[in-house]
Amino acid sequence: MALHKAQKQAADPAADIFVSPLSERPLPKRSMPEFSAPPTVVFQLLRNELLLDGNAAQNLATFCTTWTDDEVRRLMDMCLDKNIVDKDEYPQTAEIESRCVSILADLWHAPAGPGGDADAVGCSTTGSSEAAMLCGLALKWRWRDRRRAAGLSTDRPNLVCGPVQVCWEKFARYFDVELRQVPVEAGATGLQPHQLSEYVDENTIGVVAILGVTYTCTYEPVAEFAAELDRLQAEKGLDVPLHVDAASGGFIAPFLHPDLAWDFRLSRVASINASGHKYGMAPLGVGWALWRDKSALPEDLVFHVDYLGGDMPTLALNFSRPGGQVVSQYFTFLRLGREGYRQVYQACADTAQHLARQVAEMGPFTLLYDGAGALPAVSYTLTDPASTSWSLYDLSDLLRMRGWQVPSYPLPPDRQETVIQRVLIRHGVDRDEIELLADDMRRAIKHLDEGHPHDADRAAFHH
């Protein structure tokens, strides 16, 4: 039998991730490293760092998608190199985007054109904020064109709204529009129709109605806004269009509240924005802007590119971005269909109402919204904060220790003295998870009642 001499094998520092040179010191944070490193090492070290983020499944503050099918992840990977802005290079992705616009036009009851198809026009965006800004620009351009045609000044445009998401404040500041944000009345959760007459005038480019108020999750009465604007036109000659910010409600109302008139069924509604990556159930990074017809979208805002030898009109504030989110939105439309969306959101609404009943039974809370009639969510406040030894901010802190992200924040002016909490129920938030949250809320309340110090000077939750 042959004899073999043992040989000492040279140590490979990269054989184990945690003895590699990159792992022996803090990761570079201010300048690029001098040398390369194995991808498996870099991946694991970054993965470990990302573990410090909150658990998305317990984030009950966000409207955004936190659960998705494995097939969506595969489609996102396939579309990593597809630039949706390049319509000529990726014509099928452009076609899928067009199909999504047509599906939404049908879902939101866009009026039919001469050929019988919906006459609406629209586009995808990076989210509902970009979509809202594009719709706001269309309102401003149409108002400016009407004023110029009449020989009137165009230097003082204003936009009337209630408690809106911050994107509308950005729109007003970036595009030089006065934002007339109407204070919230006592007992109300949003803008009221009778308040419009005090704020609307000849310089109003439009009124924004919110289908799913960020703070309380209720719907503003869009049809009543339209009726009030009709009255103002009849009495004062003010023809003011209505825009619906349906960032969340645009994917809830068609399935849970199909008889609610909030969309293009109302002739006063000129445009709608919605977020595909919220209740549309698409991955983060897609929103939608739709106009009821071509006349609602000024041609000056549209750019034209070559598309398969033809003309492709485009409208965007952003430029290059991957097409995966749009493809995934189309996947979800096909995967669920109308009945699937209805089933998912009925389950979410049932879970929200289940939580609302438990919150009402806990003792110290008054419900502001119980999850019925609008978004699948719950909002509540302390019944008597002056005589309670703790605040909702204290409760948020204790819940955060268990991983729950439940925001506390004041309502907008003139109800800023009221601090509330809000819990959002999304696809992927199940009944058992909400039972665990309710149990943790009871334990936290008991702990606070036993003497946790009151902390009134807390920063507000920001959306």
Side-chain contact test, heavy atoms from C-beta onward, threshold under 4.5 Å: evaluate it for [X] versus [Y] and give yes or no.
X: P322; Y: C79; result: no
X: V42; Y: P39; result: no
X: R73; Y: M76; result: no
X: V121; Y: L297; result: yes
X: V406; Y: R400; result: no

Run the salt-bridge test on R231 and E235 with the 4.0 Å N-O cut-off and return the result as yes or no.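 Yes, this pair counts.
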Do D119 and K294 sit within salt-bridge range, that is, some charged N less than 4.0 Å from a carboxylate O?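 Looking at K294 together with D119, the answer is no, because their closest N to O distance does not fall below 4.0 Å.
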Apply side-chain contact (heavy atoms from CB on, under 4.5 Å) to [X] and list each qualifying residue two or more places apart in sequence or on a separate chain.
X: E299; answer: V302, H304
X: Y174; answer: M133, K170
X: C64; answer: T62, H277, K278, L284
X: R442; answer: Q358, M362, A438, D439

Measuring centre to centre across the rings, with the benzene-like ring taken for any Trp, is Y345 within less than 6.0 Å of F255?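 Not close enough - the centres of the two rings lie 6.0 Å or further apart.
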Would the F251 and Y279 ring centres measure less than 6.0 Å apart?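 F251 vs Y279: aromatic centres not under 6.0 Å.
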What closest approach, in Å, do [X] and [Y] show between heavy atoms, and which atom pair accounts for it?
X: L242; Y: A209; value: CD1-CB, 4.2 Å
X: W262; Y: P254; value: CZ2-CG, 4.2 Å
X: R142; Y: P241; value: NH1-CB, 4.1 Å
X: I252; Y: A374; value: CG2-O, 3.8 Å
X: F63; Y: R422; value: CE1-NH1, 3.6 Å
X: P283; Y: V72; value: CG-CG1, 3.5 Å

Within residues 313-338 or reaching into it, pairs that qualify as side-chain hydrogen bond (donor to acceptor under 3.5 Å, both in side chains) - sequence neighbours excluded: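 Counting only pairs at least two positions apart or across chains, the side-chain hydrogen bond (donor to acceptor under 3.5 Å, both in side chains) contacts touching residues 313-338 are N83-S320, R99-Y330, D106-R338, S124-R321, T126-N318, E130-N318, W288-Q329.
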Is the CZ atom of F43 crowded by more than 12 outside heavy atoms at less than 6.0 Å?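 At most 12 heavy atoms, drawn from other residues, nucleotides or ligands, come within 6.0 Å of this atom.
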Heavy-atom count around D53 CG within 6.0 Å, excluding the residue itself: above 12?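 For D53, atom CG is crowded (more than 12 foreign heavy atoms under 6.0 Å).
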Test ring-ring contact (aromatic ring centres under 6.0 Å, His included) applied to Y369 - qualifying residues, sequence neighbours left out: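 So Y369 forms no ring-ring contact (aromatic ring centres under 6.0 Å, His included) with any residue.
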Only counting residues at least two apart or in another chain, list the ones meeting ring-ring contact (aromatic ring centres under 6.0 Å, His included) with F333.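 F333 satisfies ring-ring contact (aromatic ring centres under 6.0 Å, His included) with no other residue.
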Regarding [X] and [Y], is there a side-chain donor-to-acceptor distance under 3.5 Å anywhere?
X: R292; Y: S271; answer: no
X: Q421; Y: T381; answer: no
X: R268; Y: Q233; answer: yes
X: Q165; Y: T214; answer: no

Just jot down the side-chain hydrogen bond (donor to acceptor under 3.5 Å, both in side chains) partners of D155, sequence neighbours excluded, or say none.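 For D155 the side-chain hydrogen bond (donor to acceptor under 3.5 Å, both in side chains) partners, ignoring immediate neighbours, are S153.
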In chain order, what residues pass the side-chain hydrogen bond (donor to acceptor under 3.5 Å, both in side chains) check against D201, with sequence neighbours excluded?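 Expected list: N158, R180, T204.
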Where the side chain of S102 meets the backbone of S98, is there a donor-acceptor pair that is under 3.5 Å apart?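 Yes; at least one donor-acceptor contact below 3.5 Å.
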Give the intermediate values and the outcome of side chain to side chain donor-acceptor pair (under 3.5 Å) for residues T66 and R426. CA-CA 8 Å; T66 56; R426 304 178 307 278; 2.9 Å; yes
Using 30° and 60° as the class limits, which term best fits the ring planes of W168 and F171: parallel, tilted or perpendicular?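 Because their plane-to-plane angle is over 60°, the rings of W168 and F171 count as perpendicular.
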For L411 and Q416, run side chain to side chain contact (heavy atoms under 4.5 Å, CB included): C-alpha distance rounded to whole Å, both residues' side-chain angles, the deciding distance at 0.1 Å, then the answer. CA-CA 5 Å; L411 289 176; Q416 64 269 23; over 6 Å; no
Would V326 and T93 count as a side chain to side chain contact (heavy atoms under 4.5 Å, CB included) here? Give the steps. CA-CA 8 Å; V326 169; T93 302; 5.5 Å; no
What do the steps show when you test W143 against L139 for side chain to side chain contact (heavy atoms under 4.5 Å, CB included), and what is the final call? CA-CA 6 Å; W143 169 84; L139 293 175; over 6 Å; no
Side chain to side chain contact (heavy atoms under 4.5 Å, CB included) for I205 and W141? Distances and angles first, verdict last. CA-CA 9 Å; I205 66 173; W141 251 244; over 6 Å; no
For residues 216-226, which side-chain donor-acceptor pairs fall under 3.5 Å, sequence neighbours excluded?
from, atom 1, to, atom 2, distance (Å)
T216, OG1, T218, OG1, 3.1
T218, OG1, T189, OG1, 2.9
Y219, OH, H257, ND1, 3.2
E220, OE1, I210, N, 2.9
E220, OE2, L191, N, 2.8

Take K82 and E89, measure what salt bridge (Lys or Arg N to Asp or Glu O under 4.0 Å) needs, and give me the verdict at the end. CA-CA 9 Å; K82 295 182 187 294; E89 186 70 22; over 6 Å; no
Please enumerate all residues that pass salt bridge (Lys or Arg N to Asp or Glu O under 4.0 Å) together with R265, with sequence neighbours excluded.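 Applying salt bridge (Lys or Arg N to Asp or Glu O under 4.0 Å) to R265 gives D263.
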Residue pairs, two or more places apart or on separate chains, that pass salt bridge (Lys or Arg N to Asp or Glu O under 4.0 Å) and touch residues 402-418: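 Only R402-D440 qualify under salt bridge (Lys or Arg N to Asp or Glu O under 4.0 Å).
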Look up atom SG in C167 and atom CG in D245, then write down how far apart they are to the nearest 0.5 Å.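 Nearest 0.5 Å value for the SG-CG distance: 5.5 Å.
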